[in-house]
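Heavy atoms only: backbone and side chains are in, while hydrogens, waters and symmetry mates are out. Reminder, nothing fancy here: chain letters follow the sequence lines and each chain counts from 1.
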Amino acid sequence: MVSVKPVIDVAISGWGSYIPMYRIAVEEIARVWGKSPKHFREELLIDEKAVAGIDEDVATISVEASKNALGRAGLSPKELGAVFVGSESKPYAVKPTGTIVAEAIGATPRVLSADMEFACKAGTECLQCCIGLVGSGMINYGLAIGADTAQGAPADPLEYSAGCGGTALIVGRKDKEKEPVAILEGSVSYVTDTPDFWRRQKRDYPSHAEAFTGEPAYFTHTISATKLLLDELSLNPTDFKYAVFHQPNGKFPLRAAKILGFKKEQVEPGLLVPYIGNLYAGSSITGFSAILDVAMPGDRVLLVSFGSGAGSDAFSFVVQEGARTKRDMASKVMDYIKRKQNIDYAIYAKFRKKIVI
Amino acid sequence: MSVPRYWREIPERSRLEASKCATCGNVIYPNRARCAKCGSDSIEPYRLPERGKLLTFTVVRNPPRGFEKMAPFVLGIIELEDGSRLMTQITDVMPGEVTIGMPLEAVLRKVSEDGDSGIIEYAIKFRPTF
């Protein structure tokens, strides 16, 4: 077990998200493949998903989310000591997305940058690394990004949920932060070799082990990581105002919450999958971003990711006054969710490069 | 576009880094060694504003090679908040919804890809403010 309570206390200094404006409804995907949308809408609680435009990818999503985070943090990009991008839909197989983002926001050249990969957990991996670097005193600020333009093969059940978007979090030292957004109480990671979902080299779309993605993968890791963290910090579900779990659909996080003893009201404010689908590496941290958009000082927030392969990172934050004072300095998650244009399957196929010219 | 040229132009294409003539105040974008207005070589770095309004536009339905997948797309001339003007793509809007005078803001987007194995070129485009 990895237990993280850094030597130097760390805080979230800024946060920002970005969600593309295009949406495709589950009915439209089901229409093309002759399926009923009922299962996706009523059981998995997905109405529609966000689709990246023809000129968008993980780099462009990350840049807008990062600019929003920097604006809220009131930081010059030159103050960033690290820029990490977590994703499973990197624009290049070999060439870091992190350098594209760092250059575009003006953080280069004196900065550590890398891409992280752990399926849907890659975003919180970046967060753990930033916590480690800031918490050890090596850097003053680190930028952790989780973003994806998730792939789902045509007609595959994943096609109904694989969405696009992401979030950037700036981690800073608590003792140097004038207006912290949220203070980290602690975090843990829990990983095993569980092959529930994968994508081999040179394959466009992932494969998955159907129902195997549930019990031994999502639920085991999410629940184990959460229990470890609660034990480590001597906390109970009732101590939290909000809880955000990874959202491959709406059913899984609500079920995990119920097993752990969290109420629906603690989970629903950060449950975004009905409106934008599963953002993969951006999923849980975008839910966390939506919570920071509305939380009040003193609120305790649980953030638990899950990445296939498999593992979970769990964090406990206590929201500070900075969340309230900084939230209007950038577009909020709900602003992006409301800014939408529905498209049909033909335009979706063009945007997602399913049409080969 | 060649890789070296794309690399050289990243600051102006990705961050709107322009320059300003220290002699006459003329804003220069894309960057040049001398002021096109007064000929001075006294040039200072200058960051263009990221907001402006649309002065005029056209819809490209027969794109040049390399831009086929983007079509139809909108090319516009934008007047930025400091009065300087530039031509760029307008994104996140259907061609029929574009109006002269609409407020716009800068976003980084993909401009083109050099086939399946070449580099991906990014640059600032503008989208309707929201």
With only heavy atoms counted, which part of A/I100 is less than 4.5 Å from chain B, the side chain, the backbone, both or neither?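 Only the side chain of A/I100 comes within 4.5 Å of chain B.
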Are there donor-acceptor atom pairs under 3.5 Å between chain A and chain B, and if so which?
residue, atom, partner, partner atom, Å
A/Y18, OH, B/R109, NH2, 3.0
A/D55, O, B/K110, N, 2.9
A/D55, OD1, B/R109, NH1, 3.2
A/D55, OD2, B/T91, OG1, 2.8
A/D55, OD2, B/K125, NZ, 2.9
A/E56, OE2, B/R109, NH2, 3.1
A/D57, OD2, B/Y122, OH, 2.5
A/E64, OE1, B/R127, NH1, 3.0
A/E64, OE2, B/R127, NH1, 3.1
A/E64, OE2, B/R127, NH2, 2.7
A/Y92, OH, B/I120, N, 2.6
A/E103, O, B/R15, NH1, 2.6
A/E103, OE2, B/R15, NH1, 3.0
A/R339, NH1, B/D92, OD2, 3.1
A/K350, NZ, B/A71, O, 2.6
A/K353, NZ, B/E113, OE1, 3.2
A/K353, NZ, B/E113, OE2, 2.7

Other residues, nucleotides, ligands: >12 heavy atoms within 6.0 Å of B/M87 CE: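 Open.
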State which residues pass side-chain contact (heavy atoms from CB on, under 4.5 Å) with A/A114; sequence neighbours excluded, sorted by chain then number.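 By the side-chain contact (heavy atoms from CB on, under 4.5 Å) rule, A/A114 matches A/F84.
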Sort B/L108 into side chain, backbone, both or neither according to what part of it lies under 4.5 angstrom from a heavy atom of chain A.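 For B/L108, backbone and side chain are both near chain A.
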What part of B/A71 gets within 4.5 angstrom of chain A, counting heavy atoms only: side chain, backbone, both, or neither?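 Only the backbone of B/A71 comes within 4.5 Å of chain A.
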